[in-house]
Amino acid sequence: MGVPFESLLPYAIMVGMFGVTGAGLASLKYYTNDYKRPRRQLDVWDRQLMERDYRITGKFRGQSDAVEAPVGFEVNSRWKAEPRIT
């Protein structure tokens, strides 16, 4: 007993839409990540360096080769915004 082609059409549409949304989300993540692949398995050190790079350049994936930090870098620490726990 054969399967009528009318029953396969909705499945093809569903698989196609899942593929389109997956490709769209992957490309959106790629473009918002400065055209680089997303980082995987980040530890505390990587997150701290990403925060430092963001404070220096304004981008999480941006890096600077300047010898000196920009003006105001020493006072824009994220620790000053958090409450002190005693």
Side-chain angles (χ1 to χ4, degrees):
M1 174 182 229
V3 177
F5 71 93
E6 292 93 1
S7 64
L8 296 178
L9 190 60
Y11 291 112
I13 291 172
M14 287 190 303
V15 168
M17 288 298 117
F18 278 119
V20 166
T21 56
L25 286 174
S27 63
L28 183 66
K29 185 182 279 191
Y30 175 76
Y31 291 129
T32 58
N33 204 14
D34 291 336
Y35 302 102
K36 297 175 184 163
R37 291 186 296 178
R39 294 177 173 169
R40 308 267 186 213
Q41 297 179 348
L42 298 175
D43 57 357
V44 176
W45 176 256
D46 293 329
R47 286 191 176 91
Q48 286 178 348
L49 288 180
M50 286 172 60
E51 179 70 29
R52 180 196 57 126
D53 291 341
Y54 179 74
R55 290 191 291 128
I56 290 176
T57 62
K59 296 180 180 180
F60 280 107
R61 294 296 298 254
Q63 295 179 351
S64 176
D65 61 349
V67 178
E68 295 180 7
V71 177
F73 180 73
E74 64 275 356
V75 295
N76 70 351
S77 175
R78 64 185 174 106
W79 296 108
K80 296 186 184 298
E82 295 180 0
R84 184 172 210 167
I85 299 174
T86 58

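No continuous path of ILVMFWY side-chain contacts below 4.5 Å connects Tyr54 to Ile56, so the two sit in separate hydrophobic clusters.
Of the inter-residue distances, the one linking Glu51 atom CD with Gln48 atom CD reads 9.5 Å to the nearest 0.5 angstrom. One finds the NZ atom of Lys29 at 8.5 Å from the CG atom of Leu25 (value rounded to the nearest 0.5 Å). The CZ atom of Arg52 lies 9.0 Å from the OG atom of Ser64; values are rounded to the nearest 0.5 Å.
Nearest heavy atoms, Lys59 versus Asp34: CD-OD2, 3.6 Å. Considering all non-hydrogen atoms of both residues, Arg39 and Phe60 come closest at NH1-O, 4.1 Å.
A donor-acceptor pair under 3.5 Å is formed between the side chain of Ser27 and the backbone N or O of Gly24. In this structure, Arg47 contributes its side chain and Leu42 its backbone to a donor-acceptor pair below 3.5 Å.
Heavy atoms from other residues, nucleotides or ligands lying under 6.0 Å from CD of Glu6 number more than 12.
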With side chain to side chain contact (heavy atoms under 4.5 Å, CB included) as the criterion, how do Arg61 and Asp53 come out once you've worked through the C-alpha distance, each side chain's angles and the decisive distance to 0.1 Å? CA-CA 7 Å; Arg61 294 296 298 254; Asp53 291 341; over 6 Å; no
